[in-house]
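These notes are about the structure you will find just below.
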Amino acid sequence: RKLLGNTAVPTATRLRLANALVFAKGDYGAATWPDLTSREAARHHGAHLRVFRTVAGQERWKGAGSGSDASVLAALGALLPRMQRLVARVSLFVRAVSGGHCQLLWVLALGLRAKRSWLRTIMDDLAWLASLDSPLAQYRVGGFSGWCRVMADQPKKVMQAIKLAVKAAS
């Protein structure tokens, strides 16, 4: 807290330190998490926002934080924690598809009917991305197989479009 809240250090530097020292450890493996329950998501969101508020100098316990979560995130140029998880999950999926890891994809498909399936979460993420008014909307027609084809052919282009769409939606 002393380092992340130190106003003598530029905000951009403190944000990079938070990403490297706090979120890298706390969110380790977040790309493999299925959709969180509402309670898990609330705890994850709250933990992130406490760190972001410290970096932004808007800690509520000090009486300095009257801004909304959205205003704190906007001031720092940060994504909502759920959006960060979405980008991490989809990025991992793009790497699996573009890398031709067919056996992994088959194993994931076997778990598709599980209550909290990672692949189901990916499918929901992709459906949400396709519902946005962005270049990603064109993949709505091709469905899941269309997404997989374009991810295999143009993984970097897909990830750039996803990051832009998520940032615009936040």
Side-chain angles (χ1 to χ4, degrees), residues 1-101 104-105 108 116-126 128-129 132 134-136 147 151 154-170:
R1 243 181 224 205
K2 288 181 182 179
L3 176 63
L4 297 179
N6 185 345
T7 55
V9 178
T11 303
T13 302
R14 289 183 283 147
L15 185 58
R16 282 194 303 273
L17 287 169
N19 283 324
L21 301 174
V22 179
F23 299 137
K25 184 171 182 131
D27 288 346
Y28 181 78
T32 64
W33 298 352
D35 199 19
L36 300 180
T37 65
S38 57
R39 183 176 180 197
E40 291 167 339
R43 291 183 64 120
H44 187 251
H45 180 86
H48 271 248
L49 262 295
R50 278 190 293 282
V51 173
F52 285 138
R53 285 184 180 283
T54 299
V55 171
Q58 295 189 28
E59 295 170 291
R60 288 183 172 159
W61 65 274
K62 286 185 176 178
S66 59
S68 67
D69 291 353
S71 67
V72 171
L73 293 169
L76 295 173
L79 292 174
L80 283 166
R82 68 182 166 86
M83 294 297 166
Q84 291 172 343
R85 291 190 309 269
L86 181 145
V87 170
R89 265 192 310 267
V90 173
S91 177
L92 180 61
F93 185 67
V94 168
R95 288 192 309 267
V97 170
S98 65
H101 302 288
L104 171 62
L105 296 171
L108 291 171
R116 289 177 62 190
S117 164
W118 182 82
L119 190 57
R120 171 63 52 205
T121 302
I122 288 290
M123 292 172 80
D124 293 344
D125 292 342
L126 295 176
W128 178 78
L129 286 164
L132 300 175
S134 75
L136 298 170
W147 277 103
M151 287 176 185
Q154 302 172 341
K156 288 182 183 178
K157 183 179 176 184
V158 171
M159 280 312 302
Q160 287 172 341
I162 287 171
K163 288 176 183 177
L164 286 172
V166 167
K167 190 126 183 118
S170 292

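Everything numeric here is computed off the predicted structure, so don't read it as measured data. Throughout, residue positions are numbered sequentially from 1 according to the sequence presented.
- In plain terms, the two heavy atoms of Arg85 and Ala41 that are nearest each other are NH2-CB, 4.0 Å.
- Proximity of Ser91 to Met159: side-chain heavy atoms (C-beta onward) are separated by under 4.5 Å at one or more points.
- Residues Leu136 and Leu129 come closest through the heavy atom pair CB-O, 3.9 Å.
- Sequence neighbours left out, the pairs with a member in residues 17-41 that pass salt bridge (charged side-chain N to carboxylate O under 4.0 Å, His left out) are Glu40-Arg116.
- Of all non-hydrogen atoms in Ser71 and Ser68, the two that sit nearest each other are OG-O, 2.8 Å.
- The minimum heavy-atom distance linking His48 with Pro81 is given by the pair CB-CG, 3.5 Å.
- Rounded to the nearest 0.5 Å, atoms CG (Leu108) and CD1 (Ile122) are 9.0 Å apart.
- Atom CG of Leu4 sits about 7.5 Å away from atom CG of Leu21, to the nearest 0.5 Å.
- Put simply, CZ on Arg16 and OG1 on Thr11 are 10.5 Å apart, with the number rounded to the nearest 0.5 Å.
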Let's go through Arg89 and Leu92 carefully: what are the C-alpha distance in whole Å and the side-chain angles of both, what is the deciding distance for side-chain contact (heavy atoms from CB on, under 4.5 Å) to 0.1 Å, and is it a yes or a no? CA-CA 5 Å; Arg89 265 192 310 267; Leu92 180 61; 6.0 Å; no
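- Considering CG of Leu164 and CG of Leu132, their distance stands at 12.0 Å, rounded to 0.5 Å.
- When all heavy atoms are compared, the tightest approach of Arg50 to Thr54 is O-OG1, 2.9 Å.
- The CG atom of Leu49 sits 11.0 Å away from the NE2 atom of His44 when rounded to the nearest 0.5 Å.
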Please lay out, stage by stage, how Trp118 and Met123 fare under the test side-chain contact (heavy atoms from CB on, under 4.5 Å). CA-CA 9 Å; Trp118 182 82; Met123 292 172 80; over 6 Å; no
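- The shortest heavy-atom contact between Arg14 and Val55 is NH1-O, 2.7 Å.
- Every residue two or more places apart in sequence or in another chain that forms a side chain to side chain contact (heavy atoms under 4.5 Å, CB included) with Val97 is listed here: Phe93, Leu105, Cys148, Met151, Ala152.
- Annotation: the span from Thr121 atom OG1 to Leu126 atom CG amounts to 11.0 Å, rounded to 0.5 Å.
- Judged as a side chain to side chain contact (heavy atoms under 4.5 Å, CB included), and not counting sequence neighbours, the contacts of Ala78 are Phe52, Leu73, Leu76.
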Would you please test Arg43 and Leu36 for side-chain contact (heavy atoms from CB on, under 4.5 Å) and show each step? CA-CA 10 Å; Arg43 291 183 64 120; Leu36 300 180; over 6 Å; no
